[in-house]
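Here is the structure we will look at, set down as structure tokens.
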Amino acid sequence: AWAYEQVGDWSHLAESLSQAAQAETDPVKKADTRIELAIVLAKRLGDIEAAIEALDLVLAAHPTRLDAFEHQVRILTEIRNWPALEHVYRTMADRVRGTGDVIEAALAKQLAVLYRDRLQDRLRAMEQLREASRLDPKDLEVRDMLIELVMLEQDWPTAVRTLRAIVVTHPLEPRTYEHLFDAFYNLGDFDRAWCALDVLAQLVPLDADKLKYYQDYPPMELSQFPGTLTEDAWRTHLLHPDLDASLTALLSWLDSVPS
């Protein structure tokens, strides 16, 4: 093989490496040889399909060989073959799915970027960002990317569902409530839009337009509402579902006892 490389006989070098990989019994050496073969096929012979296949054989036997995957990504990125790059990302994601490896979230995130920037597919990009957020809820960049896409898509019901899910994991992020206000407002759900502003006002000062909206529609005092709520209605409509019902009832009774 060394002699073929010295004289630039790449076809014979590729053939020699292929035969060496097939004959090799050590799994690590076999994988290393196939990676060398893939590099020759891609860089010297321009046989991209054969190079990707050689690297696939490495990954099928050793899913944790990220160097083989990185070669696939580099080869396909250089020739800007985005559909093929999508395929290798999805194949790699399938290989590591359910393993708990940190690469799961990274793959979903990179696949989202590929859909967004190269394939112009916002819906699939959002799908992958939701998966990345599920796998790594602390990734703030994923959160911001997802918010940006749902607002650009202007599918307001989906935007509301997505933003509410983000609120669960990031309850003190002002921008989420700002976008929730916009989504509710565009849906014509003005009461919920005001509620989003009410939370936002507790976190940051409102700009002039939002402050005017917030002040123009103040909530009614409880004393202005006719009738009363039943005990069951308090639990289902006003109290947080995670409150312990027995403890809440006890504290309510204690509060009613004259001191």
Side-chain angles (χ1 to χ4, degrees), residues 1-136 139 141-142 145:
W2 178 84
Y4 292 135
E5 185 175 3
Q6 291 300 304
V7 298
D9 189 346
W10 307 116
S11 294
H12 282 99
L13 176 58
E15 184 179 349
S16 175
L17 288 170
S18 178
Q19 292 172 352
Q22 291 176 12
E24 182 59 64
T25 56
D26 182 276
V28 175
K29 291 181 179 179
K30 182 187 286 286
D32 290 341
T33 304
R34 281 187 168 139
I35 290 174
E36 289 182 49
L37 171 61
I39 293 171
V40 172
L41 289 168
K43 300 293 185 181
R44 300 300 183 179
L45 297 175
D47 192 342
I48 302 301
E49 184 177 351
I52 297 299
E53 287 178 1
L55 294 167
D56 267 336
L57 289 173
V58 175
L59 290 165
H62 308 277
T64 58
R65 285 293 297 254
L66 295 183
D67 53 340
F69 174 66
E70 287 165 0
H71 279 299
Q72 286 185 322
V73 172
R74 192 175 302 115
I75 289 167
L76 294 171
T77 300
E78 286 177 359
I79 64 171
R80 303 175 70 83
N81 189 337
W82 310 127
L85 185 58
E86 176 204 6
H87 177 73
V88 300
Y89 264 111
R90 282 197 169 276
T91 302
M92 189 64 182
D94 288 340
R95 289 189 181 107
V96 300
R97 183 168 288 114
T99 62
D101 196 310
V102 294
I103 193 179
E104 280 193 87
L107 286 169
K109 183 177 180 179
Q110 289 303 312
L111 193 50
V113 172
L114 177 62
Y115 281 129
R116 183 193 66 183
D117 296 346
R118 302 301 185 185
L119 296 172
Q120 285 73 54
D121 190 334
R122 286 180 186 169
L123 294 179
R124 286 191 173 183
M126 288 188 289
E127 176 186 292
Q128 290 301 316
L129 287 170
R130 290 189 185 96
E131 177 67 6
S133 182
R134 183 187 69 80
L135 292 166
D136 184 6
D139 191 327
E141 186 180 13
V142 165
M145 289 165 62

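- Minimum interatomic distance between Ala31 and Val58 (heavy atoms only, all atoms of both residues): O-CG2, 3.7 Å.
- Glu86 and Tyr115 share a donor-acceptor pair across their side chains, judged by distance under 3.5 Å alone.
- Residue Ile35 holds its CD1 atom at 10.5 Å from CG of Leu37, rounded to the nearest 0.5 Å.
- A salt bridge is absent between Asp56 and Arg34: the closest approach of a Lys/Arg side-chain nitrogen to an acidic carboxylate oxygen does not fall below 4.0 angstrom.
- A salt bridge does not link Glu127 with Arg124: every distance from a Lys NZ or Arg NE/NH1/NH2 to an Asp or Glu carboxylate oxygen is 4.0 Å or more.
- To the nearest 0.5 Å, atoms CG (Leu135) and CZ (Arg97) are separated by 9.0 Å.
- Between the CG atom in Leu114 and the CZ atom in Arg90 there is a gap of 10.0 Å [rounded to 0.5 Å].
- Looking at every heavy atom in both residues, Arg65 comes nearest to Val28 through NH1-O, 4.2 Å.
- Checking side-chain atoms of Ser133 against main-chain N and O of Leu129 turns up no donor-acceptor pair under 3.5 Å.
- To the nearest 0.5 Å, the span separating CD on Gln128 from CZ on Arg116 amounts to 13.5 Å.
- Taking the side chain as every heavy atom from C-beta outward, Met145 and Met126 never approach each other to under 4.5 Å.
- Between Glu15 and His12, the closest side-chain pair of non-hydrogen atoms falls below 4.5 Å.
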- request: For the pair Gln22 and Gln19, evaluate side-chain contact (heavy atoms from CB on, under 4.5 Å) and give the outcome as yes or no after the intermediate values.
  value: CA-CA 5 Å; Gln22 291 176 12; Gln19 292 172 352; 5.5 Å; no
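- Closest of all the heavy-atom pairs between Val96 and Thr99 is O-OG1, 2.6 Å.
- For Glu131 (side chain) and Ala105 (main-chain N/O), no donor-acceptor pair under 3.5 Å exists by modelled atom type.
- Here the straight-line distance linking atom CG of Leu17 with atom CD1 of Ile39 works out to 10.0 Å at 0.5 Å rounding.
- Salt bridge status for Glu78 with Arg74: absent, with no side-chain N to carboxylate O gap under 4.0 Å.
- Taking each heavy atom of Ala14 and Leu45 in turn, the nearest pair found is CB-CD1, 3.9 Å.
- Across every non-hydrogen atom of Leu55 and His71, the tightest pair is CD1-CB, 3.8 Å.
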task: Walk me through it: do Leu123 and Asp121 pass the test side-chain contact (heavy atoms from CB on, under 4.5 Å)?
output: CA-CA 6 Å; Leu123 294 179; Asp121 190 334; 3.9 Å; yes
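- In this structure, Lys109 pairs ionically with Glu141, as a charged nitrogen and a carboxylate oxygen lie closer than 4.0 Å.
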task: Determine, stepwise, if the pair Ile48 / Asn81 fulfils side-chain contact (heavy atoms from CB on, under 4.5 Å).
output: CA-CA 10 Å; Ile48 302 301; Asn81 189 337; 5.9 Å; no
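- Between Ala51 and Ala38, the shortest heavy-atom distance links the atoms CB-O, 3.4 Å.
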From CA spacing to verdict: side-chain contact (heavy atoms from CB on, under 4.5 Å), Gln110, Leu107: CA-CA 5 Å; Gln110 289 303 312; Leu107 286 169; 5.9 Å; no
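- Side chain of Thr33 to backbone of Lys29: a donor-acceptor contact under 3.5 angstrom is found.
- At most 12 heavy atoms of other shown residues, nucleotides or ligands fall within 6.0 angstrom of atom CD in Glu49.
- Using a 4.5 Å heavy-atom threshold, the side chains of His62 and Lys30 count as separate.
- The backbone N or O of Val73 sits less than 3.5 Å from a side-chain atom of Thr77, completing a donor-acceptor pair.
- A distance of 10.0 Å separates CG in Leu76 from NE2 in His87, rounded to the nearest 0.5 Å.
- No side-chain heavy atom of Glu53 sits under 4.5 Å from any side-chain heavy atom of Leu41.
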